[in-house]
Trainee: 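There's a structure below that I have some questions on.
Remember, it's 1-based here, ligands and their atoms both numbered in the order they're listed. Note that the structure is predicted; figures quoted are calculated from it, not measured. Throughout, numbering of the chain's residues begins at 1 and tracks the sequence.
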Amino acid sequence: MSGTHLRLAMLLCLWASTGTAQTLSDAEQGLRIMANRQQGNCVTCHQVSVLRDAKGIDGAAGKQGDFGPSLDGVATRYNATQLRQWVMDARLLKPNTLMPPFGTLEGTTQANPARPMLTPEEIDKVTAALATLR
Ligand code: HEC
């Protein structure tokens with residue numbers, strides 16, 4: 001194989017591997033955001049059984065907290081709008097909640113960096129993931 005062909009082949013492999021990452025469903029991406037300690041980090045406060053058993057997901061292997069209720073079966077307790085609200089700003093559902101708002105900085109005084117923890121797109125994906133927890 002000539003140098004050019006080899007480079008082309010390597011490029012194609014790279015393209016194919018990034019292509020696979022993009023084919024993950026919103027719910028699958030949402031679960032990854034929930035497990036990721038730099039993103040949702042939901043597992044620091046919540047038990048999520050499907051993540052405990054997941055292989056190859058960043059953060060999933062770590063210990064899960066129980067500060068908040070288990071999220072198993074949460075989709076049977078709330079509809080999609082409510083699930084999104086919990087993540088966006090739980091205070092609108094429960095004013096004195098100890099769950100931090102992920103989609104807004106409103107009413108927070110010491111957030112750092114000065115932007116919400118999750119983007120609206122990430123919140124959509126987390127909502128899609130929560131909707132699968134039956
Ligand atoms: C600092 C701890 C903490 C983190 C981090 C956290 N939560 Fe919560 N969450 C709570 C607590 C505590 C409650 C219970 C509501 C209350 O009493 O304040 C709750 C409640 C919920 C509920 C409602 C559960 C039910 O059965 O009523 C959902 C859904 C939820 N959280 C999703 C999430 C998701 C998704 C994330 C990550 C993006 C997350 N939480 C991150 C603490 C947390």
Side-chain angles (χ1 to χ4, degrees):
M1 207 188 276
S2 77
T4 319
H5 279 125
L6 188 64
R7 273 197 294 278
L8 190 65
M10 282 163 63
L11 205 66
L12 277 173
C13 285
L14 197 69
W15 175 76
S17 60
T18 50
T20 333
Q22 281 162 0
T23 59
L24 286 179
S25 70
D26 278 5
E28 286 166 326
Q29 292 180 52
L31 277 176
R32 282 165 170 73
I33 294 168
M34 288 171 67
N36 192 301
R37 307 286 160 162
Q38 269 79 48
Q39 291 183 299
N41 197 14
C42 317
V43 290
T44 227
C45 291
H46 293 285
Q47 302 281 321
V48 185
S49 298
V50 288
L51 276 175
R52 198 178 306 118
D53 307 330
K55 298 260 185 303
I57 293 188
D58 225 22
K63 199 170 180 305
Q64 298 185 348
D66 58 4
F67 184 70
S70 165
L71 295 183
D72 291 353
V74 80
T76 63
R77 301 195 280 279
Y78 303 102
N79 65 32
T81 310
Q82 294 166 322
L83 289 172
R84 191 170 203 285
Q85 191 67 74
W86 268 111
V87 186
M88 191 70 159
D89 187 351
R91 295 169 300 182
L92 298 180
L93 294 165
K94 201 173 171 192
N96 294 321
T97 188
L98 290 171
M99 175 162 156
F102 283 83
T104 176
L105 290 181
E106 217 179 298
T108 62
T109 54
Q110 300 187 26
N112 184 32
R115 58 165 172 73
M117 287 186 274
L118 297 178
T119 65
E121 294 73 34
E122 287 168 336
I123 291 179
D124 285 345
K125 288 171 183 169
V126 169
T127 305
L130 291 174
T132 65
L133 303 179
R134 304 202 148 267

Trainee: Do you know the tightest heavy-atom contact between A27 and A128?
Mentor: CB-O, 3.7 Å
Trainee: Using every non-hydrogen atom in the two residues, find where T108 and P101 come nearest and quote the distance to one decimal.
Mentor: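 For T108 versus P101, the nearest heavy atoms are CG2-CG, 4.1 Å.
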Trainee: Relative to the heavy atoms of P100, which atoms of ligand 1 are at a distance of less than 4.0 Å?
Mentor: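 Answer for ligand 1: 1 (C), 3 (C), 4 (C).
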Trainee: Restricting to non-hydrogen atoms, name the atom on R77 and the atom on S70 that form the minimum distance, rounded to 0.1 Å.
Mentor: NH2-O, 3.0 Å
Trainee: For residues 54-65, which side-chain N or O atoms pair as donor and acceptor with protein atoms under 3.5 Å away, sequence neighbours left out?
Mentor:
unit_1	atom_1	unit_2	atom_2	d
Q64	OE1	V48	N	2.8
Q64	OE1	R52	NH2	3.3
Q64	NE2	V48	O	3.1

Trainee: Please report whether ligand 1 has a polar contact with S70, defined as an N or O pair separated by less than 3.5 Å (distance criterion only).
Mentor: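 No, there is no polar N/O contact under 3.5 Å.
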Trainee: Can you report which non-hydrogen protein atom sits closest to atom 26 (O) of ligand 1, along with the distance?
Mentor: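 Scanning the protein heavy atoms, the shortest distance from atom 26 (O) of ligand 1 goes to R77 NE, 2.9 Å.
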Trainee: Mind checking what makes salt bridge (Lys or Arg N to Asp or Glu O under 4.0 Å) contact with R32, not counting sequence neighbours?
Mentor: none
Trainee: Judged by atom type as modelled, is there a donor-acceptor pair below 3.5 Å linking the side chain of H46 to the main-chain atoms of D66?
Mentor: no
Trainee: What protein heavy atom lies closest to atom 17 (O) of ligand 1? Include the residue and the distance to one decimal.
Mentor: K94 NZ, 2.5 Å
Trainee: Run the numbers for me: atoms of ligand 1, each under 4.0 Å from some heavy atom of V126, listed by number.
Mentor: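 Those of ligand 1 that fall under 4.0 Å from V126 are 35 (C).
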Trainee: Which protein N, O or S atoms sit under 2.8 Å from atom 8 (Fe) of ligand 1?
Mentor: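 Near atom 8 (Fe) of ligand 1, below 2.8 Å, one finds H46 NE2, M99 SD.
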Trainee: Do you know the tightest heavy-atom contact between L130 and A75?
Mentor: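 L130 and A75 have their closest heavy atoms at O-CB, 3.5 Å.
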Trainee: Does any N or O of ligand 1 fall below 3.5 Å from an N or O anywhere on Y78, backbone included?
Mentor: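 Yes; at least one N/O pair falls below 3.5 Å.
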Trainee: List ligand 1 atoms under 4.0 Å from T97, heavy atoms only on the residue side.
Mentor: 15 (C), 16 (C), 18 (O)
Trainee: CD/E122 to CG/D26 distance, rounded to the nearest 0.5 angstrom?
Mentor: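 Interatomic distance, E122 CD to D26 CG, rounded to 0.5 Å: 12.0 Å.
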Trainee: Supply the atom-to-atom distance W86 CH2 to L93 CG, rounded to the nearest 0.5 angstrom.
Mentor: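 Between W86 CH2 and L93 CG, I get 5.5 Å after rounding to 0.5 Å.
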Trainee: Linking Ile, Leu, Val, Met, Phe, Trp and Tyr through side-chain heavy atoms less than 4.5 Å apart, which residues share a cluster with L98?
Mentor: F67
Trainee: What atoms in ligand 1 come closer than 4.0 Å to a heavy atom of L98?
Mentor: 18 (O)
